[in-house]
Peer 1: 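For reference, the structure I am asking about is given below.
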Amino acid sequence: MARPFPATRSAAMSEAEIRSAENTLKAGTWAITAGALLFSVLTVTPLVRSVTPAGWDWTAPILPLVVDAAVIIVVQLDSVISRLGGKSGFWPALLRWMTGVMTLALNVGNSALHHDYVGVAVHAVAPLLLIVTAEAGLAYRRAISAALARMAQEQEEQRERDRIAAEEEKERQRAQHERDQAAQAEAEREAREYEQQRLRDEREHTLALEKERTARETAERQDRLEQEKAEREYRARLERERAERELAERRRQEERADQERREKTEREERARQEETRRLEQQRQAQSAATVPAPARAVSPKAIKQANRVVQSVVMSNEFAGMTTDDAEQALFKLYRAARDASQYPAWEQDPQAQPGGDFCGSNLGRRLGRSDASGRANVKPKFERWYEEYRASKNASAKKELVGVS
């Protein structure tokens with residue numbers, strides 16, 4: 001660490017000369033830094049490329065650039081802190097030495113791996129010069145800052161001494177003038193007493209006016225402060241009242257929205273319950289009206305024949321007078337309501353969808369006046385497809401409604 005400049009030696013130099021030396025130090029430091037950084041990038045890049053996986057050679061210059069960026073930060077911030085007369089502390093010093101050591105290690109790494117000691121010495125010149133320049137520059141800047149601060153203090157002290165001397169001279173002249181006035185008053189006592197009396201009267205009058213003006217200004221200032229305080233309190237009260245009104249209005253809106261959501265949920269719940277009851281009643285009525293025929297023993301030969309030719313089984317006129325499409329739509333509404341009301345994890349587990357149930361594939365075909373095979377192969381898959389489309393449309397409507405409520 002450089003020692004502070006002696007007072008006598010720093011006094012012999014002007015502030016402009018010291019600042020010129022500081023500028024020279026700054027220019028030289030940045031020149032050395034720039035050269036060392038460029039040399040480091042050119043030296044370290046082949047080393048990093050040699051340990052980089054194939055295909056990633058283009059990333060080799062990134063590491064020296066990162067280390068060099070840290071060096072630039074250290075040099076710049078150390079310059080600012082030393083210029084302000086402060087100390088950077090432990091972590092900046094650690095960063096300064098860590099970047100210097102990293103730069104040194106990266107520069108000599110390639111030569112050290114090849115046991116090229118001449119190359120190690122050559123490539124160590126730039127980083128070592130950079131490290132020592134950073135430390136020496138920091139010490140120089142601290143010494144220059146201390147010298148400039150000391151010169152500023154000496155100039156301030158000199159100005160203070162000049163001011164005190166000027167005041168003493170002024171006081172001496174005033175005392176001399178008073179003595180001259182006293183001598184003149186002794187020679188011309190009558191005229192002087194009259195003049196002095198007049199001057200005293202004027203001074204008293206001026207002091208009285210000054211006191212009155214000061215008191216008036218003080219009263220006006222106090223009134224103005226009280227008025228400003230009252231205005232601030234009034235504005236604060238208005239702001240509190242406005243905030244309370246906004247809070248109350250926001251709470252009323254939230255309560256109203258909660259009430260509307262509860263009412264809507266209750267209406268939807270009642271509608272679902274009503275639809276479930278209606279479908280259950282309709283299903284029970286259909287189950288009561290449809291009584292399956294007693295089972296007959298069928299021989300294997302008959303079963304084999306039935307698999308080959310499926311006869312159309314026409315049930316009672318459940319959809320009499322309807323077209324084929326209208327009958328399918330009416331039966332699908334019953335199918336959809338039964339699926340919505342089902343409490344089973346899977347629809348195929350519901351007795352209504354199992355063989356013999358009201359909505360199995362065979363009975364769907366029979367209820368439309370078709371064959372069992374047509375019900376299983378055509379009607380049941382068509383109703384399942386329609387039901388998936390119905391669920392998708394219902395989910396999309398529910399999402400739009402939730403977005404609108406939000």
Peer 1: Taking side chain as C-beta onward, heavy atoms only, is Glu275 less than 4.5 Å from Leu279?
Peer 2: yes

Peer 1: Enumerate the salt bridge (charged side-chain N to carboxylate O under 4.0 Å, His left out) contacts for residues 335-356, please, sequence neighbours excluded, ordered by first and then second residue.
Peer 2: Arg339-Glu384, Glu348-Lys380

Peer 1: Working note: Arg213 + Glu220, criterion salt bridge (Lys or Arg N to Asp or Glu O under 4.0 Å); need CA distance, chi angles, decisive distance, verdict.
Peer 2: CA-CA 10 Å; Arg213 185 181 63 80; Glu220 291 176 354; over 6 Å; no

Peer 1: Using the test ring pair (Phe, Tyr, Trp, His ring centres under 6.0 Å), find all partners of Trp386 that sit at least two apart in sequence or belong to another chain.
Peer 2: Phe332, Phe383

Peer 1: Could you walk me through whether Asp162 and Gln158 pass the side chain to side chain donor-acceptor pair (under 3.5 Å) test, one step at a time?
Peer 2: CA-CA 6 Å; Asp162 294 342; Gln158 182 62 36; 3.1 Å; yes

Peer 1: Taking all heavy atoms of Ala341 and all of Thr276, pick out the closest pair and write down the distance.
Peer 2: CB-CG2, 4.2 Å

Peer 1: Would you say that Ser342 contacts Gln352 through its side chain, given a criterion of any heavy-atom pair below 4.5 Å between the two side chains?
Peer 2: no

Peer 1: Can you check whether Arg385 reaches Lys382 side chain to side chain, under 4.5 Å on heavy atoms?
Peer 2: yes

Peer 1: Glu233: which residues meet the salt bridge (charged side-chain N to carboxylate O under 4.0 Å, His left out) condition with it, sequence neighbours left out?
Peer 2: none

Peer 1: What are the two closest heavy atoms between Arg367 and Leu334, and how far apart are they?
Peer 2: NH2-CD1, 3.8 Å

Peer 1: Give a yes or no on whether a salt bridge exists between Arg192 and Glu195, defined as a side-chain N under 4.0 angstrom from a carboxylate O.
Peer 2: no

Peer 1: State, with a plain yes or no, whether a side-chain heavy atom of Glu156 is found less than 4.5 Å away from one of Arg159.
Peer 2: yes

Peer 1: Could you measure the distance from the CD atom of Glu246 to the CD atom of Gln253? Nearest 0.5 Å is fine.
Peer 2: 10.5 Å

Peer 1: Could you check whether Glu169 pairs with Arg172 (Lys NZ or Arg NE/NH1/NH2 to Asp/Glu carboxylate O, under 4.0 Å)?
Peer 2: yes

Peer 1: Identify the two heavy atoms, one from Gly375 and one from Pro381, that lie closest to each other, and give their separation to 0.1 Å.
Peer 2: O-CD, 4.4 Å

Peer 1: Would you mind checking if Arg240 and Glu244 are paired as a salt bridge, meaning a charged N to carboxylate O distance below 4.0 Å?
Peer 2: no

Peer 1: CD/Glu226 to CD/Glu228 distance, rounded to the nearest 0.5 angstrom?
Peer 2: 11.0 Å

Peer 1: To the nearest 0.5 Å, tell me how far Gln173 CD sits from Glu178 CD.
Peer 2: 12.5 Å

Peer 1: Ignoring hydrogens, what is the shortest heavy-atom contact between Trp347 and Ala353? Give both atom names and the distance.
Peer 2: O-CB, 3.3 Å

Peer 1: Does Tyr194 have any ring pair (Phe, Tyr, Trp, His ring centres under 6.0 Å) partners at least two apart in sequence or in another chain, and if so, which?
Peer 2: none

Peer 1: State, without any angle test, whether Arg270 and Gln273 hold a side-chain donor-acceptor pair at a distance under 3.5 Å.
Peer 2: no

Peer 1: Does any non-hydrogen side-chain atom of Arg235 lie less than 4.5 Å from one of Glu239?
Peer 2: no

Peer 1: Show your working on side-chain contact (heavy atoms from CB on, under 4.5 Å) between His205 and Asp201 and close with a plain yes or no.
Peer 2: CA-CA 6 Å; His205 180 66; Asp201 293 340; over 6 Å; no

Peer 1: For Arg252, give me all partners under salt bridge (charged side-chain N to carboxylate O under 4.0 Å, His left out), at least two apart in sequence or on another chain.
Peer 2: Glu249

Peer 1: Mind checking side-chain contact (heavy atoms from CB on, under 4.5 Å) for Gln176 and listing every partner two or more places apart, or none if nothing turns up?
Peer 2: Arg179, Asp180

Peer 1: Output all residues satisfying ring pair (Phe, Tyr, Trp, His ring centres under 6.0 Å) with Tyr387, sequence neighbours left out; order by chain, then residue number.
Peer 2: Tyr390

Peer 1: Checking Asp223 now: which residues fulfil side chain to side chain donor-acceptor pair (under 3.5 Å) with it, not counting sequence neighbours?
Peer 2: none

Peer 1: Has Gln343 got more than 12 heavy atoms of other residues, nucleotides or ligands less than 6.0 Å from its CD?
Peer 2: no

Peer 1: Any side-chain heavy atom of Arg366 sitting closer than 4.5 Å to one from Arg370?
Peer 2: no

Peer 1: With a 4.0 Å cut-off, would you call Arg251 and Glu254 a salt bridge?
Peer 2: no

Peer 1: Listed by chain and number, what are the side-chain contact (heavy atoms from CB on, under 4.5 Å) partners of Asp326, not counting sequence neighbours?
Peer 2: Met322, Thr323

Peer 1: Going by the angle between their ring planes, with limits at 30° and 60°, are Tyr335 and Phe359 parallel, tilted or perpendicular?
Peer 2: perpendicular

Peer 1: Between Glu255 and Arg250, is the closest basic N to carboxylate O distance under 4.0 Å?
Peer 2: no

Peer 1: With sequence neighbours excluded, tell me which residues meet side-chain contact (heavy atoms from CB on, under 4.5 Å) with Thr218.
Peer 2: Thr214, Arg221

Peer 1: Salt bridge or not between Glu274 and Arg278? Use side-chain N to carboxylate O under 4.0 Å.
Peer 2: no

Peer 1: In chain order, what residues pass the salt bridge (charged side-chain N to carboxylate O under 4.0 Å, His left out) check against Arg272, with sequence neighbours excluded?
Peer 2: Glu269

Peer 1: Heavy atoms only: give me the nearest Val379-Leu364 pair and the separation to one decimal.
Peer 2: CG1-CB, 3.9 Å

Peer 1: Do His177 and Gln181 come within less than 4.5 Å of each other through their side chains, counting heavy atoms only?
Peer 2: yes

Peer 1: Nearest 0.5 Å, please: how far is CG in Asp372 from CG in Asn363?
Peer 2: 7.5 Å

Peer 1: Restricting to salt bridge (charged side-chain N to carboxylate O under 4.0 Å, His left out), what partner residues turn up for Glu167, sequence neighbours left out?
Peer 2: Arg163

Peer 1: Does a donor on one side chain and an acceptor on the other come within less than 3.5 Å for Arg256 and Gln259?
Peer 2: no

Peer 1: In Å and rounded to the nearest 0.5 Å, what is the CD to CZ distance from Glu231 to Arg224?
Peer 2: 11.5 Å

